[in-house]
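Because the structure is a prediction, the values reported are computed rather than measured.
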Amino acid sequence: MTALEPDNTVQETPAPAEPVVGPMAGDPAMLGLSSFIVGSIALGLGLVGVVPVGVLGAPLAIILAATALGLLLAAVWAAAVGQSAVAAVFGIFGTFWLSYGVLVLGLDHNWFAITVSAVLATVKLFLVAWLVAIIMLTLSTLRLPSAFTAVFVLVDLALLLLLLAFAEASPLGVPSTGLLKTAGYVVLVFAAVGIYLFYDAAQAGTGGKRVPLGPPLIH
């Protein structure tokens with residue numbers, strides 16, 4: 001065909017993309033956030049004194065069967081839809097709650113042959129390790145909306161307060177009640193922020209208007 005000849009080629013209009021349905025259309029945040037919220041509320045209420053001080057196993061039914069399991073399922077779901085950052089967040093928090101449950105059960109039933117004199121140091125080891133991990137997570141997710149950063153910072157603060165509570169334990173190994181309660185209130189605050197984030201995800205998932213989550217700290 002020369003430049004003077006008419007172009008009779010039929011231009012095909014691309015077919016409209018089929019709407020995505022099934023698992024690939026979902027938002028794992030709705031499952032992950034709701035799982036995170038219920039465990040946080042249970043732990044926070046336990047720390048502020050709804051159950052007697054020292055009864056660490058009270059929230060375990062919720063933490064293991066709902067929070068840890070729900071977060072790990074949400075992590076798998078997020079990875080399946082290519083949301084690697086979301087999968088990492090849910091996976092890290094899921095393993096945190098799972099390890100908390102294993103720690104409490106292990107100490108209560110002497111699974112790990114930890115002597116009574118080493119229990120306090122074991123708890124502090126747990127808190128230091130997870131404080132470092134969550135601070136690492138906080139710094140690596142500063143490109144997310146600031147509401148997410150607020151949750152991570154509050155988790156860091158709660159872990160720090162718990163560490164200080166056990167660091168200031170009495171000679172009998174009883175942690176500081178005041179610091180435990182303060183940590184519990186911080187836990188309830190980050191549960192409240194989690195509820196706000198869940199509302200945003202639920203609005204998007206049901207065709208509603210999303211709520212403001214704040215600009216990221218790093219662009």
H109 and W111 aromatic ring geometry - parallel, tilted or perpendicular at 30°/60° bounds: parallel
With a 3.5 Å cut-off and sequence neighbours excluded, list the donor-acceptor pairs that the side chains of residues 38-49 form with protein atoms.
from : atom 1 : to  : atom 2 : distance (Å)
S40  : OG     : F36 : O      : 2.8

Verdict with reasoning, F96 to I63, per side chain to side chain contact (heavy atoms under 4.5 Å, CB included): CA-CA 10 Å; F96 163 74; I63 286 173; over 6 Å; no
Under 3.5 Å, sequence neighbours excluded: what are the donor-acceptor pairs made by side chains of residues 186-193?
none

Stepwise side chain to side chain contact (heavy atoms under 4.5 Å, CB included) test for L107 and V123: CA-CA 9 Å; L107 292 178; V123 174; 4.0 Å; yes
Closest non-hydrogen atom pair, A75 against G91: CB-N, 3.6 Å
Can you give me every donor-acceptor pair (side chain of residues 208-219, partner residue at least two apart or in another chain, under 3.5 Å) with its distance?
from : atom 1 : to   : atom 2 : distance (Å)
R210 : NE     : D200 : OD1    : 3.2
R210 : NE     : D200 : OD2    : 3.3
R210 : NH2    : D200 : OD2    : 2.7

Trace of the side chain to side chain contact (heavy atoms under 4.5 Å, CB included) decision for W130 with I92: CA-CA 10 Å; W130 274 110; I92 290 170; 3.9 Å; yes
Donor-acceptor pair between S35 and W97 side chains, under 3.5 angstrom: no
Over all atoms of both residues, closest heavy-atom pair of S34 and L31: OG-O, 2.9 Å
Criterion side chain to side chain contact (heavy atoms under 4.5 Å, CB included) against L139, the qualifying member of L137, T141, I135: I135
Identified side chain to side chain contact (heavy atoms under 4.5 Å, CB included) partner of L159 from the options V128, L131, L154: L131
